[in-house]
Amino acid sequence: MPTALVTGATQGLGRALAEALAVRGWDLVVTARDADRLAQTVSALRDHGHDVVGVAGDVSDAVHRDAVAGVVTGVVTGPAGPDGLDLLVHNASTLGPLPLRPLGDLSTDDLAAVLAVNVVAPHALTRSLLPSLEAVGGTVVAISSDAGVEHYETWGAYGASKAALDHLTLTVGAEVPSIRAYALDPGDMRTALHQAAFPGEDIGDRPLPEEVAVPGILALLASRPANGRYRAADLLATTSEVAS
Ligand SMILES: NC(=O)c1ccc[n+]([C@@H]2O[C@H](COP(=O)([O-])OP(=O)(O)OC[C@H]3O[C@@H](n4cnc5c(N)ncnc54)[C@H](OP(=O)(O)O)[C@@H]3O)[C@@H](O)[C@H]2O)c1
């Protein structure tokens with residue numbers, strides 16, 4: 001069975017993607033901070049009949065990341081020796097302090113905390129798991145945002161972190177030819193993170209993660225195009241054109 005690590009897999013996009021992978025026969029390692037919600041998620045994912053392990057913790061915590069890397073290595077090591085990690089999804093993310101605020105009102109500690117979750121943690125996990133990814137020509141998917149390309153007022157810390165995440169992800173792809181590396185813009189999604197960015201606003205017109213982002217990621221995994229930055233909506237449109 002292919003094996004994936006999805007960070008931040010208890011709600012929103014991470015949860016929906018983990019569900020879609022479990023349905024398709026993937027073994028999973030999933031993470032999030034809230035241990036109770038993680039246990040419920042693991043239990044639900046196991047209903048699909050495959051191995052699912054949860055590791056509770058904050059991706060910005062190096063001790064937690066070491067535990068995650070240890071669990072992944074254990075999961076992908078079979079009786080015949082170490083196998084590999086087929087998919088690493090950097091999904092866990094923070095917006096930073098809320099409400100979102102202009103850079104002039106953002107402390108250096110706040111910026112550092114955003115970078116710790118959205119940039120440093122994915123790099124550290126990729127680095128730890130690179131041998132497992134290389135063993136099977138695995139795939140790294142970093143969940144990005146249009147805020148990593150556009151310059152929206154008050155989104156500076158988050159946007160800069162996504163730009164940095166994109167850059168690191170595509171650089172590791174250039175450095176390690178045996179793996180594929182993608183920065184994936186999921187588009188706006190009706191999730192807790194999106195609602196937190198737009199407090200009090202009706203976000204009911206945004207698609208759920210399973211409507212565009214997850215099918216887009218599944219299309220990416222199926223087609224394995226050249227390393228690069230992709231938008232889920234574009235991947236989905238291409239898939240629909242091919243199918244029709
Ligand atoms: N929603 C959008 O419109 C949108 C648009 C563009 C890009 N994105 C990106 O899409 C990804 C998923 O976002 P979402 O909207 O699905 O978010 P979400 O609904 O808020 O879910 C976030 C998940 O990540 C976990 N998480 C958050 N911080 C974490 C940390 N420090 N360490 C470990 N786990 C953590 C959460 O669980 P715990 O709270 O228990 O840790 C939860 O499982 C993110 O990378 C986000 O930047 C979202």
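Since the model is a prediction, treat every value here as computed from it, not as a measurement.
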Novice: How far apart are the closest heavy atoms of L38 and A32, and which atoms are they?
Specialist: CD1-N, 4.1 Å

Novice: Check for a donor-acceptor pair, side chain of S93 on one end and backbone N or O of N118 on the other, with a separation under 3.5 Å.
Specialist: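 Not a single qualifying donor-acceptor pair exists.
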
Novice: Is there a side-chain contact between L235 and L184 in this structure, where contact means two heavy atoms from C-beta onward sitting under 4.5 Å apart?
Specialist: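 SC-SC contact between L235 and L184 confirmed.
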
Novice: Any sub-3.5 Å donor-acceptor pair from R33's side-chain atoms to D58's backbone N or O?
Specialist: no

Novice: Taking all heavy atoms of T94 and all of A113, pick out the closest pair and write down the distance.
Specialist: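 That would be CG2-O, 4.4 Å.
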
Novice: Taking the side chain from R229 and the backbone from A183, do they hold a donor-acceptor pair closer than 3.5 Å?
Specialist: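 No; judged by distance alone, with no hydrogens or angles, the pair does not exist.
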
Novice: I'd like to know if the side chain of R37 and the backbone of A35 have a donor-acceptor N/O pair within less than 3.5 Å.
Specialist: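 No: the side chain of R37 does not pair with the backbone of A35.
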
Novice: Taking side chain to side chain donor-acceptor pair (under 3.5 Å) as the cut-off, I'd like each qualifying pair that reaches into residues 192-212, sequence neighbours left out, listed once.
Specialist: H194-R206, E201-R206

Novice: Sequence neighbours excluded and cut-off under 3.5 Å, please list the side-chain donor-acceptor pairs for residues 125-133, or say none.
Specialist:
unit_1	atom_1	unit_2	atom_2	d
T126	OG1	H90	NE2	2.7
T126	OG1	P122	O	2.9
S128	OG	A124	O	3.1

Novice: Are Q11 and T191 packed together at the side-chain level, in the sense that at least one heavy-atom pair is separated by less than 4.5 angstrom?
Specialist: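 Result no, sub-4.5 Å side-chain heavy-atom pair not found.
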
Novice: With a 4.5 Å cut-off on side-chain heavy atoms, are V75 and L85 touching?
Specialist: no

Novice: With the side chain counted from C-beta on, respond yes when T139 and I179 share a heavy-atom pair under 4.5 Å apart, and no when they do not.
Specialist: no

Novice: Looking at every non-hydrogen atom in both residues, tell me the closest pair between G173 and A181 and how far apart they are.
Specialist: CA-CB, 3.7 Å

Novice: Could you check whether any side-chain N or O of S43 sits under 3.5 Å from a backbone N or O of A39, counting only pairs where one atom can act as donor and the other as acceptor?
Specialist: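 No; judged by distance alone, with no hydrogens or angles, the pair does not exist.
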
Novice: Is there a path of hydrophobic side-chain contacts, each under 4.5 Å between heavy atoms, that joins L100 and Y152?
Specialist: yes

Novice: Between A142 and T169, which heavy-atom pair has the shortest distance, and what is it?
Specialist: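 Where A142 meets T169 most closely, the heavy atoms are CB-OG1, 3.3 Å.
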
Novice: Any side-chain donor-acceptor pair under 3.5 Å between S144 and D166?
Specialist: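 The answer is yes; a qualifying pair exists.
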
Novice: Look at the side-chain heavy atoms of Ile, Leu, Val, Met, Phe, Trp and Tyr, link any pair under 4.5 Å apart, and say whether L87 and L218 land in one connected group.
Specialist: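 Per the 4.5 Å side-chain linkage, L87 and L218 are co-clustered.
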
Novice: Between V176 and E134, is there a side-chain heavy-atom distance shorter than 4.5 Å?
Specialist: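 Side chain of E134 against side chain of V176, heavy atoms only: contact under 4.5 Å found.
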
Novice: Is the shortest side-chain heavy-atom distance between S60 and V120 below 4.5 Å?
Specialist: no

Novice: Go through it in stages, so that I can follow the logic: the residues are D110 and S107, the test is side-chain hydrogen bond (donor to acceptor under 3.5 Å, both in side chains), and I'd like the CA-CA distance, side-chain angles, deciding distance and then a yes or no.
Specialist: CA-CA 5 Å; D110 288 338; S107 74; 3.1 Å; yes

Novice: Within the 4.5 Å heavy-atom criterion, are L88 and V141 side-chain neighbours or not?
Specialist: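 No, their side chains stay 4.5 Å or more apart.
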
Novice: Could you pull out the closest heavy-atom pair between P215 and L236, with the gap in Å?
Specialist: CB-CD1, 3.4 Å

Novice: Is it true that a side-chain atom of D86 and a backbone atom of T3 form a donor plus acceptor pair closer than 3.5 Å?
Specialist: yes

Novice: If the test is side-chain contact (heavy atoms from CB on, under 4.5 Å), which one of L13, V214, D146 qualifies with P186?
Specialist: L13

Novice: Should V42 and V30 count as side-chain neighbours, where that means a heavy-atom distance under 4.5 Å?
Specialist: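 Answer yes - side chains close enough.
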
Novice: Kindly give the heavy-atom pair with the smallest separation between V55 and A67, and that separation in Å.
Specialist: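 Heavy atoms of V55 and A67 come nearest at CG1-CB, 4.3 Å.
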
Novice: Short question: side chain of N227, backbone of L170 - any donor-acceptor pair under 3.5 Å?
Specialist: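 Looks like no, no N/O pair under 3.5 Å.
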
Novice: Counting only N and O atoms by type, is there a donor-acceptor contact under 3.5 Å from the side chain of S161 to the main-chain atoms of V114?
Specialist: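 Checking the backbone N and O of V114 against the side chain of S161, no donor-acceptor pair under 3.5 Å is found.
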
Novice: Which side-chain N or O atoms in residues 21-28 pair as donor and acceptor under 3.5 Å with protein atoms at least two apart or in another chain?
Specialist:
unit_1	atom_1	unit_2	atom_2	d
R24	NH1	A20	O	2.9
D27	OD1	D51	N	3.0

Novice: Applying salt bridge (charged side-chain N to carboxylate O under 4.0 Å, His left out), can you list everything that pairs with R231, at least two apart in sequence or on another chain?
Specialist: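 Applying salt bridge (charged side-chain N to carboxylate O under 4.0 Å, His left out) to R231 gives D234.
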
Novice: Which ring-ring contact (aromatic ring centres under 6.0 Å, His included) pairs, counting each pair once, include a residue from residues 160-183, with sequence neighbours left out?
Specialist: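 Checked against ring-ring contact (aromatic ring centres under 6.0 Å, His included) - neighbours excluded - the pairs reaching residues 160-183 are Y182-Y230.
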
Novice: Sequence neighbours left out, what pairs pass ring-ring contact (aromatic ring centres under 6.0 Å, His included) with at least one residue falling in residues 38-74?
Specialist: none

